[in-house]
There are 2 protein chains.
Amino acid sequence: MTTTDAPRHIIRRTTLGDIPTRSARRRPQSIALWDGDESLTYAALEAQANQLAHHLLASGLQPGAKVAMLASNSIEMVVATFGIFKAGMVWVPVNHMLGGADVRYVIEHAEAAMVLADHELLQRPDLAPTVQELGLPVLVLSPGRTSGATTPLLQALQGQPATPPGIAIDDDDLVLLMYTSGTTGKQKGVMHSHASVHSALLSNAAEGKMDIHMVATLGLPLFHCAQFSGLGAGLIAGSSMVLFRAFDPHVYLDAVERRRITQLTGLPLMYAALLQVQTQQPRDLSSLQMCTYGMAPMPRPLLEKLTAHFCPSFALGSGQTEAFPITVRFRPEQQLQRFGSYWGTSTMANDTAIMDGDGNLLPWGEVGEIVHRGANVMLGYYKDPEATAAVSRFGWHHTGDIGKFDEDGQLLFLDRTKDMIKTGGENVPSIKVEEVYLRHPAVANAAVVGLPHARWGEAVTVFVLLKPGAQATVDELIGHGRQQLAGFEAPKHVQILQEFPMTPTGKIQKHRLRTQFLELFSNQATTA
Amino acid sequence: MTTTDAPRHIIRRTTLGDIPTRSARRRPQSIALWDGDESLTYAALEAQANQLAHHLLASGLQPGAKVAMLASNSIEMVVATFGIFKAGMVWVPVNHMLGGADVRYVIEHAEAAMVLADHELLQRPDLAPTVQELGLPVLVLSPGRTSGATTPLLQALQGQPATPPGIAIDDDDLVLLMYTSGTTGKQKGVMHSHASVHSALLSNAAEGKMDIHMVATLGLPLFHCAQFSGLGAGLIAGSSMVLFRAFDPHVYLDAVERRRITQLTGLPLMYAALLQVQTQQPRDLSSLQMCTYGMAPMPRPLLEKLTAHFCPSFALGSGQTEAFPITVRFRPEQQLQRFGSYWGTSTMANDTAIMDGDGNLLPWGEVGEIVHRGANVMLGYYKDPEATAAVSRFGWHHTGDIGKFDEDGQLLFLDRTKDMIKTGGENVPSIKVEEVYLRHPAVANAAVVGLPHARWGEAVTVFVLLKPGAQATVDELIGHGRQQLAGFEAPKHVQILQEFPMTPTGKIQKHRLRTQFLELFSNQATTA
């Protein structure tokens, strides 16, 4: 593409595949990624991602093809993701913490043409038959041995050109299809363009004051929008990032000391564990400048201890895959000023307002639905125009979250209209768990809510009525959920009731269950 | 637009008119602008810009109309600019330091439908008849009295709604037409879309680490892309900014102390003057965190003194209107590491490379043309597809500047292929000055170059051959230029030669004139 006249959009384009190209041009020998003792420079990331793009194109896939990914955080995962972008294809990252049936649903719904997967995940009893039955070509990403139809990543790169393929990519082209739990239980494919994601990444880089001196953690799953956004923004800024496959506070703290990590991202429960371990076995944390947390507010005593003993500055980022991915930020200067479910103010990429049911924007102090506008809003849900229309009313994106601005214009989250539980960094639709319990032979009716929990944010809690004369113990019922659901979806507690609070029209009043059992987990330890 | 179903692009849009809307929603009562003792909150900026948008639409102008502006920096100028954006119209800021004929050329070439102008500029002898002859409706912006067909801004706002007009604006719509000196002497209209400018503003906010705590100067003319970009990025970040109409080091230093300014932008000659005044009459400059400069490198002794005594951190931003507006940044950590015409590395919004004449990208160390790609590149030159095509070859935007990357990947500016002089923050095409001198009755031939000058960056310098037997003194010749050209275009010196260095084919060898007279201004004081 550099030796022929090109259309204007080639010059102006800002596609996700260009991110490593641009940073590699600026700082080729700087380390983009650390993964244990391994590292990858920007030049190597650029070259390998280009090689994978050429491999995908040579495999017969066309630009626009969907490529599913089943992977834990690794250098190979990042190379593969940017290779997909560079080939003009669509990245479909799959949450592999879900069970085999849900994984299959996503890959089939997305009409993926290929699967890129970790060797380890391809061995998992529920995933192995799923991937086999899909009958798609599989490329093994990380610690891979060739077996049957699979091909290891490094083999695929060999002999391919290390320069970008000459693919015409428009900023408005679809680049990622990220599935998010719907309240109906079926996951919905959120479609984003290069332009929408790039605007969010630039805004993230600005909000996080990211630069070439930043060393950041990538410890939450990259298949979710939040951590992927941290990766993308850091690569735009030319930063170094440290990958983690799972959370181990000792490993994290060692890495902070060894790699001089400046920015850490985690869930409140992770910070509690880090603080505890640091207290027992102190490391040099003097490099830490900013800690970002997500998914749940930070309990006041924990935040005060963390600010005093762990990191000088904290911020909360909140958002959803549909408005990529951090739309509001509870900023460092507000952190010790007000407590509760504060979400702060909107980022530089979007605006945020409170709306009533008729599309009127409400003044500060009034309660309504939290809505967003901005370049970072999705193109829509894949193959679901009704669901897209339902969240796209009155010129704003509708989150399904209820909130208000306080007298200082700080956004306070109050409730969720969607029946969704947010637990340990994952979304669990109540209806999915209810369906599992309604299939249990002893259960007459089931209602599932999320109750406040110091470790999980919300704990999946099941309330059941037993059929007349039926018998079941709490342990049996908990075991039923563990068998039928992914680990994070399974209930932390099952409570057998004699009756449910009901509306006159016969609906279960979940808010009354929530109020009555609000303190159920209040004596649980804040750290594991 | 909030009570009816709207197309998707309304939700995703990121138009320049939305910038005050979004910041006003976050921090309505914060001060966006200071102008002497006057200030304007974000809420007031949003309301007044909306009112002006309604006024423009009520005046019969349609979205897409071009609105010319002749104004010095003021609150009214900023309100009017964002009013134009909000009406879906195209801002045509005119460099009023140019003479009447050039101003007329711009307004006519842009096909402007209205002129927004300062009262003071409308009185200027060369501008008054120009504006009158154009026969366009005129709205007086600042210190305005009603006279004839003019209407003062504040009167226009009265009674208009303070909410945004319901205009459908697409991110890719033309939003500004900014004229820049062409080497042929005629100015060219650079077209930019909301999307291209917005990407540059977000990148500027990120590079400048702008946030709500920033207090920045707006002291260079806002009709140029660099200072307008500082305004836009600061408004996105929710910062406060202090307007200046002209440069007076005492006024600047008083403002730093009084408004606790954190970020200052200026030319090297301004910093020299600021340092001198601060040495004589010290103010409290402890609020200063970052000083940005442009247009010329900073002499080493000056930068060392400034870093020690004035501001801890300096950065150079370079760019051009065609790639909006800062494409490369010589970053703080490099400032005292290497000296000369270093431009540093590209910003987060674009990439930068060195290209040979055949469209091949060159490795570090090799000399070629500096080219850019990114969302911040212009749509093209208005009504000039040939000139657009000439700078849009091989998939990159061509700057006409010659440079190379050094062994650390830092961009070094070496020369300009365009025959353009950069003096005191303004561009002067050599050919324009040459034409003026060729019209002088005593002059046989003229060659104009920019020579290094501590105050002006480059000083416009005229070399002439006199006609056989003709007589003219240097003072007469300097006076001729002052009469025919705008102040910044007039020569700082005229040198009468007996012959020009020529190529065998009869072209003047300007590079030999530059080399021979390189030290001509080396004894000039660095401050006025």
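All values derive from a computational prediction rather than experimental measurement. Lettering follows sequence order; numbering is per chain, from 1.
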Practice task
Return the option, out of B/Asp18, B/Thr15, B/Asn350, B/Val371, with the maximum number of heavy-atom pairs under 4.5 Å with chain A.
Solution key: B/Asn350
Exercise for the section: Answer yes or no: is there a side-chain heavy-atom contact under 4.5 Å between A/Ser199 and B/Thr14? Expected result: no
Completion exercise
Of the listed B/Ser196, B/Ala389, B/Ala353, the one with the largest count of heavy-atom pairs under 4.5 Å with chain A is B/Ala353
Exercise for the section: Kindly indicate, with the supporting measurements, whether the criterion salt bridge (Lys or Arg N to Asp or Glu O under 4.0 Å) is fulfilled by A/Asp211 and B/Arg331. Expected result: CA-CA 11 Å; A/Asp211 61 17; B/Arg331 291 157 205 278; over 6 Å; no
Problem - Which portion of B/Ala195 sits near chain A, non-hydrogen atoms under 4.5 angstrom - result: neither
Fill in the blank from the handout: Nearest heavy-atom contact between B/Ala206 and A/Ala205 is CB-C, 4.3 Å
Practice task
Name all residues meeting the side-chain hydrogen bond (donor to acceptor under 3.5 Å, both in side chains) criterion together with B/Ser239; count only those two or more places apart in sequence or in a different chain, and write none if there are none.
Solution key: none
Practice task
Look up atom CG in A/Asp172 and atom CG in B/Asp172, then write down how far apart they are to the nearest 0.5 Å.
Solution key: 6.5 Å
Exercise for the section: Considering non-hydrogen atoms only, spot the tightest contact between A/Arg25 and B/Trp396 and give its length. Expected result: NH2-CH2, 3.5 Å
Completion exercise
Smallest heavy-atom separation, B/Met348 atom then A/Ala237 atom, equals CE-CB, 3.9 Å
Problem - More than 12 heavy atoms of other groups within 6.0 Å of A/Lys404 NZ - result: no
Problem - A/Arg329: salt bridge (charged side-chain N to carboxylate O under 4.0 Å, His left out) partners, not counting sequence neighbours - result: A/Glu207
Exercise for the section: For the residue pair A/His213 and B/Glu333, establish whether any side-chain heavy-atom pair is separated by less than 4.5 Å. Expected result: yes
Handout entry: Between A/Leu202, A/Thr345, A/Thr21, the one whose heavy-atom pairs under 4.5 Å with chain B are most numerous
Key = A/Leu202
Problem - Option from A/Met378, A/His397, A/His372, A/His398 for which side chain to side chain contact (heavy atoms under 4.5 Å, CB included) with B/Ile11 holds - result: A/His397
Handout entry: chain A contact via B/Ile212 - side chain, backbone, both or neither, heavy atoms under 4.5 Å
Key = side chain
Problem - Residue B/Ser23 versus chain A: region with a heavy atom under 4.5 Å - result: neither
Handout entry: chain B interface, residue from A/Asp408, A/Thr352, A/Asn376, A/Ile19 that has the most non-hydrogen pairs under 4.5 Å
Key = A/Thr352
Handout entry: B/Thr347 backbone acceptor or donor facing A/Arg26 side chain under 3.5 Å
Key = yes
